[in-house]
Structure formats: structure tokens, C-alpha cells
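Read through the structure below, which is laid out as C-alpha cells, and then see the notes.
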Amino acid sequence: MPMADGADKEKRTVKGKIMTYLVTGAAGFIGAAVAKRLTGDNEVVTIDNLSTGREDNIPPGVEFLKGSVADADLIRRLSDRKFDAVIHIAGQSSGEISFEDPVYDLQTNYQSTVLLLDLARKTGCKKFIYASTMSVYGDHNPPICSEDATLVPKSFYAVGKAASENYMRIYSEQFGIACTALRLFNIYGIGQNMDNLKQGMASIYLAMALSDHKINVKGSKDRFRDFVYIDEAADAFIKALGREEGYDVFNVCTGKATTVEQIINIIKENLPYDVEVQYSEGTPGDQFGIYGNYDKISKALGWKPQIGFETGMKRMIEWAVKDHR
Ligand SMILES: NC(=O)c1ccc[n+]([C@@H]2O[C@H](COP(=O)([O-])OP(=O)(O)OC[C@H]3O[C@@H](n4cnc5c(N)ncnc54)[C@H](O)[C@@H]3O)[C@@H](O)[C@H]2O)c1
């Protein structure tokens, strides 16, 4: 089991573990992948309310606290624990849901960050890593974004993530916590929730194609995104553990744009039956098209995407056909 960068054998505790991590949302897609990379040599604790995650997703060996990351009492109960890092991944990740219930979105994605940052401050935890999003950029022309692009969030979801980043910056400046915000672009791959039709472009279309042989696209087929394979996204979190000081923000992206039409074509080409495609009105706050520049994370953390979208998507389709449906 690989140790997190910077992990030190001398830190081995009485329980025989090297590091202790709080990874929120380990019953979900990204949280499970990150927690899995850390178990073994390290002690890993997760908080998850199972709102979109499943208990059987949580990797073996992870201590599971069922509850909400927005619950101040639950977070307070962790005040006597010592974490080497907090990796905050739990959250609701749908712009659409943030319009349906802005208060729920605020509590889950933003209040939770403040509660966990404050837990880190009070317990002397020196590292905080956060699952932020490319949604903070909004629409740009040209549509390729580096980290210094102006933030024009278009959904309450994106506002909450941008606010969380700013809280991290100030907690870092004021209290010396090394804070890293990872602006995840579209993460996809094996293990993605195929029952949630409100989050994850590739997984939504694939789930529809498998269950109904019909894909309903909300918005234009020309919209485009930057897709990052799950294993590589998890790797970015592990690499971020190597940061020892200050606040920084990194794109986690591939620098390549894939359109809705291209995604659908790959799905159609890899399924043994015809798939009908229908178009309906777009969802509020949806960005038209965006992709990212990954120079910064590549230089600072040595992270570089290797898996092309078609390769990753074929893996995902094979998994979904065999193991899911
Ligand atoms: N998947 C992507 O493409 C993507 C892109 C950008 C950012 N993100 C961010 O990454 C994070 C994880 O996304 P994911 O794709 O793994 O989603 P997911 O739904 O698979 O996982 C989220 C997990 O958090 C849990 N959760 C939700 N609200 C909670 C709460 N209030 N308290 C405790 N647990 C809660 C869910 O039960 C689930 O297990 C989210 O914060 C999301 O905003 C994801």
C-alpha cells in the first residue's frame, strides 16, 4: 500500500498505523477511491450520511461515522481526535439540486467546510484538502481555464465551493494550515453512482442508455467538458498530501474538451443495441463548455493525466454492463 507523500515511518502510532486521515464522503465515488488509496498503513476515518453514497462502497478498514458533515455536534465529537490531514470530499455535487434546495446545498457544501476547517484549527491538524470544482469558473471565452481565471460561478453549488476555497485561504493565512483546493473537472469511471441522474454527465448518459436504451440530453449536444478518470483524480488528492504549507488551488483536468455528442457516440459504439437520443431544455446554471489547463498541478505536485477519455469510458462501459446492470 503506498504511503502518502511526506509520510514518515517514525510517526507510526501505538496502533501500528502511520498517519491518521479524516476522509469525508468515503461511501461515494471519489471519497471511496481516495480512502482506498490511504487504508492499510494508515488509519482512515470517514463521515458520510449515505445520501448518495452506499455503505458497501466504503473500503474495508475505514472507520465509518454515519452522519452529516454539516452537523456541528457530530464534528465537535471529533475534538479529541488527532488527524494528520482532513480530506473533505463529502458533498452534494449537482448544480441542479443547488437550485432546488439552496439551503441544503449551502449546509452540505459550505457550512461543512467551515466546521471541518475549524476542527482542524482546534485539534492542531496541519493539512486540509478539499474537493472543489471547475464550476467556480462559470463560462469563459476562450473556454480553457487556468487557476488565475476570474471566478464567475453560475450556480449556488459553485458559489458554495468558491466560498469554501476562500475560507481555506484565510484559515491557512491565519492559522498556518496547509490548505489545498482541487478544482475537479468532470470525474468519471468505475464506481460512479449509476442511479443518480442529476450528477455526472458521462454516468447519467450511460445509465440511461443501459436502463432505457434511450438518452435524454438536457441542453445542447455541443456543450463540452474536460473528463478525468477516477484513478487519476484520486492520485491528485494523494499528491496534495505532500504540500506542507500555505494555501493553493489546482485544476484537476486533462486539457482536452469532449462534447456531449462525442460522449454519446462512444456509448452507442460500445453497446450492442441501438440507443435513441432525445434533447430537452437545459438545466439552470449549466456551463456551456469548459476545459482546463493542468500546468500548475503538473509543476507543483507532479500530477499529469495519462488516460484518454475513450479508453476510460470503454473501461467504465464494460464495468457498468458486467457488474452493474
Ligand atoms: N464527480 C465529479 O465530477 C465532481 C466534480 C467536481 C467536484 N466534485 C466534488 O467531489 C465531491 C464528491 O463527489 P462524488 O462524485 O464522489 O459524489 P458522490 O455523490 O458519489 O459522493 C458524495 C458522498 O458524500 C456523501 N454526502 C453528501 N452529503 C453529505 C453530508 N451532508 N454529510 C455527509 N456525507 C454526505 C454522500 O452520501 C456520498 O457518499 C463532491 O464534493 C463534489 O462536489 C465532484
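Note that the structure is predicted; figures quoted are calculated from it, not measured. Ligands are counted one by one from 1 in listed order, and the atoms in each one are counted from 1 as well.
- Assignment of Ser135 to the shell around ligand 1 is not supported, since no heavy atom sits closer than 4.0 Å.
- How far NZ of Lys214 is from CE of Met208: 10.5 Å, rounded to the nearest 0.5 Å.
- Rounded to the nearest 0.5 angstrom, Gln92 CD and Thr52 OG1 are separated by 8.5 Å.
- The proximity of Gln107 to ligand 1, defined as any non-hydrogen pair under 4.0 Å, does not occur for either the backbone or the side chain.
- Counting protein heavy atoms only, atom 21 (O) of ligand 1 is closest to Gly28 CA, 3.4 Å.
- Checking each of Tyr188, Phe227, Phe224 against Met201 for a side-chain contact (heavy atoms from CB on, under 4.5 Å) leaves exactly one that passes, namely Phe227.
- The side-chain contact (heavy atoms from CB on, under 4.5 Å) with Phe250 is formed by just one residue from the set Asp295, Leu184, Leu182; it is Leu182.
- For the atom pair OG1 (Thr39) and CG (Asp41), the distance works out to 9.5 Å, reported to the nearest 0.5 Å.
- Both the sub-6.0 Å distance and the 45° axial angle are satisfied by Arg315 relative to the ring of Tyr229.
- Annotation: Asp73, atom CG; neighbour count of heavy atoms from other residues, nucleotides and ligands within 6.0 Å is above 12.
- Taking distance alone, with nitrogen or oxygen atoms compared against 3.5 Å, Thr133 stays at or beyond that limit from ligand 1.
- Taking a 4.0 Å cut-off on heavy atoms, His88 fails to register as neighbouring ligand 1.
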Checking side-chain contact (heavy atoms from CB on, under 4.5 Å) for the pair Val23/Leu38: CA distance, chi angles, key distance, verdict?
CA-CA 9 Å; Val23 180; Leu38 294 170; 4.0 Å; yes
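- Taking atom 13 (O) of ligand 1 as the reference point, the nearest protein heavy-atom neighbour is Ile30 CD1, 3.8 Å.
- Looking at ligand 1, you'll find an N or O of Ser68 within less than 3.5 Å of one of its N or O atoms.
- Remark: Asn270 CG to Ile317 CD1 distance equals 4.5 Å, nearest 0.5 Å.
- Counting non-hydrogen atoms of neighbouring residues, nucleotides and ligands closer than 6.0 angstrom, the CD atom of Glu173 exceeds 12 such neighbours.
- Per-residue contacts place Ser132 under 4.0 angstrom from the following atoms of ligand 1 (heavy atoms of the residue considered): 6 (C), 7 (C).
- Among all non-hydrogen protein atoms, the one lying nearest atom 42 (C) of ligand 1 is Ser93 CB, 3.2 Å.
- Short contacts between ligand 1 and Asn186, defined as distances under 4.0 Å to a heavy atom of the residue, involve ligand atoms 3 (O).
- For atom 32 (N) of ligand 1, the closest non-hydrogen atom of the protein is Val69 N, 2.9 Å.
- Heavy-atom contacts from other residues, nucleotides or ligands closer than 6.0 Å to CD of Glu281 number 12 or fewer.
- Listed by atom number, the atoms of ligand 1 under 4.0 Å from Gly53 heavy atoms are 36 (C), 37 (O), 38 (C), 39 (O).
- Proximity of Tyr157 to ligand 1 is established by a heavy-atom distance of less than 4.0 Å.
- In summary, the atoms of ligand 1 found under 4.0 Å from a heavy atom of Leu50, numbered by their order in the structure, are 37 (O).
- Figure legend: cation-pi geometry between Arg121 and Phe175, with NZ or CZ positioned under 6.0 Å from the six-membered ring centre and within 45° of its axis.
- In this structure, Gln199 has a heavy atom closer than 4.0 Å to ligand 1.
- The closest approach between a heavy atom of Gly67 and any atom of ligand 1 is below 4.0 Å.
- Taking 4.0 Å as the cut-off, Ser51 counts as a neighbour of ligand 1 on heavy-atom distance.
- Comparing Val252, Leu184, Ile187 by heavy-atom distance to atom 3 (O) of ligand 1, the nearest is Ile187.
- Asp48 OD1, 2.6 Å is the protein heavy atom nearest to atom 37 (O) of ligand 1.
- In this structure, the protein non-hydrogen atom closest to atom 22 (C) of ligand 1 is Gly91 O, 3.6 Å.
- Among protein heavy atoms, atom 11 (C) of ligand 1 sits closest to Ile89 O, 2.9 Å.
- Closest protein heavy atom to atom 30 (C) of ligand 1: Asn49 ND2, 3.1 Å.
- Contact annotation for Met134 and ligand 1: no heavy atom of the residue comes within less than 4.0 Å of the ligand.
- At least one heavy atom of Thr108 sits closer than 4.0 Å to an atom of ligand 1.
- For the residue pair Gln199/Ser93, the side-chain donor-acceptor check at 3.5 Å is satisfied.
- A donor and an acceptor atom, one from each side chain of Tyr247 and Asn166, are nowhere located under 3.5 Å apart.
- The ligand atoms of ligand 1 that sit less than 4.0 angstrom from a heavy atom of Phe185 are 3 (O), 5 (C), 6 (C).
- Checked by distance only, ligand 1 and Arg54 stay at 3.5 Å or farther apart across all their nitrogen or oxygen atoms.
- Side-chain atoms of Ser132 and Arg183 form no donor-acceptor pair, as typed in the model, at a separation below 3.5 Å.
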